[in-house]
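Here the structure comes first, spelled out in structure tokens, and everything after it is commentary.
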Protein chains: 2
Amino acid sequence: MAEAAYTIGQVARAAGVNLETVRFYHRRGLLPLPGRPYGAVRRYGEESLARLRFIRRAQRLGFALDEVAALLQLNDGRSCSAARGLAERKLAVVEDRLKDLSALRDQLTSLVRRCRTQRGKVHCPLIDALNEN
Amino acid sequence: MAEAAYTIGQVARAAGVNLETVRFYHRRGLLPLPGRPYGAVRRYGEESLARLRFIRRAQRLGFALDEVAALLQLNDGRSCSAARGLAERKLAVVEDRLKDLSALRDQLTSLVRRCRTQRGKVHCPLIDALNEN
DNA sequence: CTTGACTCCGTACTCAAGTACGTACCTAGA
DNA sequence: TCTAGGTACGTACTTGAGTACGGAGTCAAG
């Protein structure tokens, strides 16, 4: 089974990222530079595509590129507890952000509601709230 | 009642922001440059302090500085419906972010749980999940 | 009158995660 | 063979919200 050999534009499209992003990941050391088996043009195999998808998935889970790099170091399938530690720390951050965000939602909801029931009064409850104290 | 007349360092401390941030808000047009009533040094009154606090409060509600500028335009206390529109749009964004974030939390939670119950198996469920498909 | 802290102002740098640009080179199809 | 479009690579620009730096001026205390 011959490996597919994508050019950079093809692998970028296949992974759903911008071509320049692929180059950027090379510079960041997240993706090794492939060789050029047929001439002057580099060819990307399935393992490059898999890695690009790994990176995007990890990003969707809220990992920054530095953290993705750490996860990639652990990609031997061992070091499960190190990976878990990373995920646990990330989870704690996510839960904090959730708490903040839902407090924010409650405040905004209440301000919008007050704005809507405000009739003919001179001041805007939202602006007033921002000016308060 | 004489207005307090802060120097830039004092008003920054009073508002809990970095001195350079005050300058930055001047450059961004969010805070007017005060005069220099006693010599070469600019003096900030209570209205500057109030505005700095307004900005920070609006930021905590999730408004970007451009949006804060728009809110400040509306600070006449009228244009309540315009302010409400801003808040409603912001609320929608916040609710979207909340949905994403809680999906993220669920995924991370499940990965961490699987990592913890994994015993002696060769692969790490977290890494596997990132490599999947 | 000197010292140390503060201010003024402009410019430049930071971070994260890319995106864009320029120039040269290569490659596939008509 | 020509040409359109893709690639290689290095460098510079983008966004948002600041932070830092450098040199000159100023101010208050001792």
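Below, read A as the first sequence line, B as the second, and so on, with proteins coming before strands; counting in each chain starts at 1. All values below were derived from every heavy atom in this structure, side-chain atoms included, with hydrogens, water molecules and symmetry-related copies excluded.
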What nucleotide, of D/dA17, C/dT7, C/dG18, holds the atom closest to the side chain of A/Leu65?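 Nucleotide nearest to A/Leu65's side chain: C/dG18.
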What nucleotide, of D/dT26, C/dG18, D/dA8, holds the atom closest to the side chain of A/Thr21?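 The listed nucleotide nearest to A/Thr21's side chain is C/dG18.
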Would [X] and [Y] pass as an ion pair if we require N to O under 4.0 Å?
| X | Y | result |
| --- | --- | --- |
| A/Glu20 | A/Arg27 | no |
| B/Glu95 | B/Lys99 | no |
| A/Arg28 | A/Asp66 | yes |
| A/Arg51 | A/Glu47 | no |

Report the distance from atom [atom1] of [X] to atom [atom2] of [N], rounded to the nearest whole Å.
| X | N | atom1 | atom2 | value |
| --- | --- | --- | --- | --- |
| B/Asn18 | C/dT7 | CG | P | 12 Å |
| B/Asp66 | D/dA17 | CG | P | 7 Å |
| A/Arg23 | C/dG22 | CZ | C1' | 12 Å |
| A/Arg43 | D/dT7 | CZ | P | 8 Å |
| B/Leu19 | C/dG10 | CG | C1' | 15 Å |
| B/Ile8 | D/dT26 | CD1 | P | 17 Å |
| B/Leu33 | C/dT7 | CG | P | 15 Å |
| B/Arg28 | D/dT15 | CZ | P | 11 Å |

Please name the pair of heavy atoms, one in B/Val94 and one in A/Leu101, separated by the smallest distance, quoted to 0.1 Å.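 Looking at all heavy atoms of both residues, the shortest contact is CG1-O, 3.8 Å.
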Given the structure, check if the side chain of [X] and the base of [N] hold any donor-acceptor pair shorter than 3.5 Å.
| X | N | answer |
| --- | --- | --- |
| B/Gln10 | C/dC6 | no |
| A/Arg27 | C/dT19 | yes |
| A/Glu20 | D/dC9 | no |

Side-chain N or O of [X] versus OP1/OP2 of [N]: is the shortest distance under 4.0 Å?
| X | N | answer |
| --- | --- | --- |
| A/Arg56 | C/dG18 | yes |
| A/Tyr25 | C/dG18 | yes |
| A/Arg42 | D/dG6 | no |

Quick check on DNA chain C: between A/Ala40 and A/Phe24, whose nearest nucleotide comes earlier from the 5' end?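 Comparing both residues, the 5'-ward one is A/Phe24.
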